[in-house]
**Q** 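I'd like to ask some things about the structure below.
Values reported hereafter were calculated over all heavy atoms of this structure, with side chains retained and with hydrogens, waters and symmetry mates removed.
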Amino acid sequence: MSAHNRGTELDLSWISKIQVNHPAVLRRAEQIQARRTVKKEWQAAWLLKAVTFIDLTTLSGDDTSSNIQRLCYKAKYPIREDLLKALNMYDKGITTAAVCVYPARVCDTVKALKAAGCNIPVASVATGFPAGQTHLKTRLEEIRLAVEDGATEIDVVINRSLVLTGQWEGSDFIKTSTGKETVNATFPVAIVMLRAIRDFFWKTGNKIGFKPAGGIRSAKDSLAWLSLVKEELGDEWLKPELFRIGASTLLSDIERQVSNNLCLWNKLTRVFEKGIEKSN
């Protein structure tokens, strides 16, 4: 149980009354994707802010301690030093929100982050990722071992048959997908999820986090996700405790866009410190 989720009794009658206006959801999704989000110095501020929401992820079958070390270094230094200095942002402590790895790589990740001298959280997928179709005892043991090795966050893969058969339970964070499916994070699904989070907050006072994952690769996409969360849930959800972006290649495109547009942006210290709440 977390500080922002004190738990509540499961009310299936509330779930059974939920209806989704599919055409309206699709129109809203088209709107958020078609809109030009922010420009000039505000865009740079949002891109740097997006970096702080990223769960920098590697979930490959050939992960080794050496590529984990490189990933952790990138998590601590996500944007090139020369770019941050040019933007007068070098001393702002910009890092990714977390590093996300398989349970077997948690120990390597903890060691690498410690060697880098930073306190970035270690997240781990668990419970039979990505299918979730392993025995409950095995899944619980996998969580225990990951936590024992130093993981502070666990992405639990639910057994989807529980959902299909209506066996519901609450959570601290909900995620669009494992990121290993053909179709992963989509805006129509995200809109439904975000509005469920909002309704749950209104009903219980508990804030549930949101994590889109899978297929988010461009800086433009990251801006659209930030805009969507801001508009649907408000500024108080725009912090790593309640919003994450699961991605492995997104960071490279954000850095590329910062580099390409550097000459168009002014110094950002004042903008970044004010936050992004007044950027619209």
Side-chain angles (χ1 to χ4, degrees), residues 20-56 78-79 87 89 92 94 96-98 173-177 179 183-202 207-247 249-258 260-261 264-266 268 270-280:
V20 176
N21 185 333
H22 192 226
V25 168
L26 292 179
R27 285 195 299 272
R28 175 73 173 112
E30 291 173 358
Q31 179 192 57
I32 200 71
Q33 292 175 87
R35 182 194 311 157
R36 293 187 65 184
T37 50
V38 287
K39 302 175 183 178
K40 296 183 179 179
E41 68 269 18
W42 291 113
Q43 184 180 107
W46 275 53
L47 288 175
L48 293 181
K49 194 71 173 176
V51 169
T52 69
F53 296 130
I54 293 176
D55 279 0
L56 193 58
I79 302 295
L87 296 168
M89 295 295 294
K92 299 305 174 184
I94 295 175
T96 65
F173 238 88
I174 57 175
K175 183 176 175 180
T176 56
S177 68
V183 178
N184 291 285
T186 66
F187 287 103
V189 169
I191 290 166
V192 174
M193 294 172 71
L194 290 171
R195 291 180 179 176
I197 289 173
R198 184 178 62 194
D199 290 346
F200 187 74
F201 173 65
W202 287 346
K207 294 179 180 177
I208 301 302
F210 174 68
K211 179 178 176 178
I216 304 175
R217 299 184 178 90
S218 71
K220 181 180 178 182
D221 285 343
S222 72
L223 296 180
W225 283 106
L226 263 68
S227 294
L228 182 62
V229 172
K230 175 183 172 68
E231 293 175 13
E232 294 291 334
L233 295 178
D235 293 325
E236 57 188 307
W237 255 266
L238 285 176
K239 52 187 178 182
E241 293 82 3
L242 291 169
F243 176 53
R244 299 286 180 85
I245 300 174
T249 60
L250 171 62
L251 189 56
S252 297
D253 192 58
I254 289 178
E255 187 175 56
R256 183 163 48 249
Q257 292 304 315
V258 171
N260 290 344
N261 294 283
L264 302 177
W265 294 329
N266 299 319
L268 298 182
R270 181 182 59 83
V271 174
F272 192 82
E273 289 179 346
K274 283 175 61 179
I276 61 176
E277 68 273 5
K278 296 181 180 179
S279 59
N280 286 346

**Q** If the condition is salt bridge (charged side-chain N to carboxylate O under 4.0 Å, His left out), which residues does Glu236 pass it with, not counting sequence neighbours?
**A**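 Partners of Glu236 by the salt bridge (charged side-chain N to carboxylate O under 4.0 Å, His left out) criterion, ordered by chain and then number, come out as Lys207.
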
**Q** Give, for atom CE of Met193 and atom CG of Leu228, the distance between the pair rounded to the nearest 0.5 Å.
**A**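 Between Met193 CE and Leu228 CG, I get 11.5 Å after rounding to 0.5 Å.
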
**Q** Does some side-chain heavy atom of Leu250 sit less than 4.5 Å from a side-chain heavy atom of Ser252?
**A**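 Result no, sub-4.5 Å side-chain heavy-atom pair not found.
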
**Q** Kindly indicate whether the side chain of Ile208, heavy atoms from C-beta on, has any atom under 4.5 Å from the side chain of Phe201.
**A** no

**Q** Using atom types as modelled and distance alone, determine if a side-chain donor or acceptor of Gln33 lies under 3.5 Å from a backbone N or O of Ala29.
**A** yes

**Q** Write down the atom of Leu26, the atom of Pro188, and the distance for their closest heavy-atom approach.
**A** CD2-CG, 3.8 Å

**Q** Identify the residue among Trp237, Phe187, Phe243, Phe53 that makes a ring-ring contact (aromatic ring centres under 6.0 Å, His included) with Trp225.
**A**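 Only one of Trp237, Phe187, Phe243, Phe53 forms a ring-ring contact (aromatic ring centres under 6.0 Å, His included) with Trp225, namely Phe187.
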
**Q** Would Leu242 and Phe210 count as a side chain to side chain contact (heavy atoms under 4.5 Å, CB included) if you check the C-alpha gap in whole Å, the side-chain angles of each, and the deciding distance to 0.1 Å?
**A** CA-CA 6 Å; Leu242 291 169; Phe210 174 68; over 6 Å; no

**Q** With a 6.0 Å cut-off (strictly less than), is the heavy-atom count around CZ of Arg195, excluding the residue itself, greater than 12?
**A** yes

**Q** Do Lys92 and Leu48 come within less than 4.5 Å of each other through their side chains, counting heavy atoms only?
**A**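 No, too far: nothing below the 4.5 Å cut-off.
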
**Q** Measuring only between side-chain heavy atoms, which start at C-beta, is Ile94 closer than 4.5 Å to Pro78?
**A** yes

**Q** Under the salt bridge (charged side-chain N to carboxylate O under 4.0 Å, His left out) test, which residues partner Asp221, sequence neighbours left out?
**A** none

**Q** Quick one: pull up CD in Gln257 and OG in Ser222 and give me the separation to the nearest 0.5 Å.
**A**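 Atom-to-atom, Gln257:CD and Ser222:OG are 9.5 Å apart.
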
**Q** I'd like to know if Asp55 and Lys211 make a salt bridge, using a cut-off of under 4.0 Å between side-chain N and carboxylate O.
**A**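 Salt bridge flag = yes for Lys211 with Asp55.
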
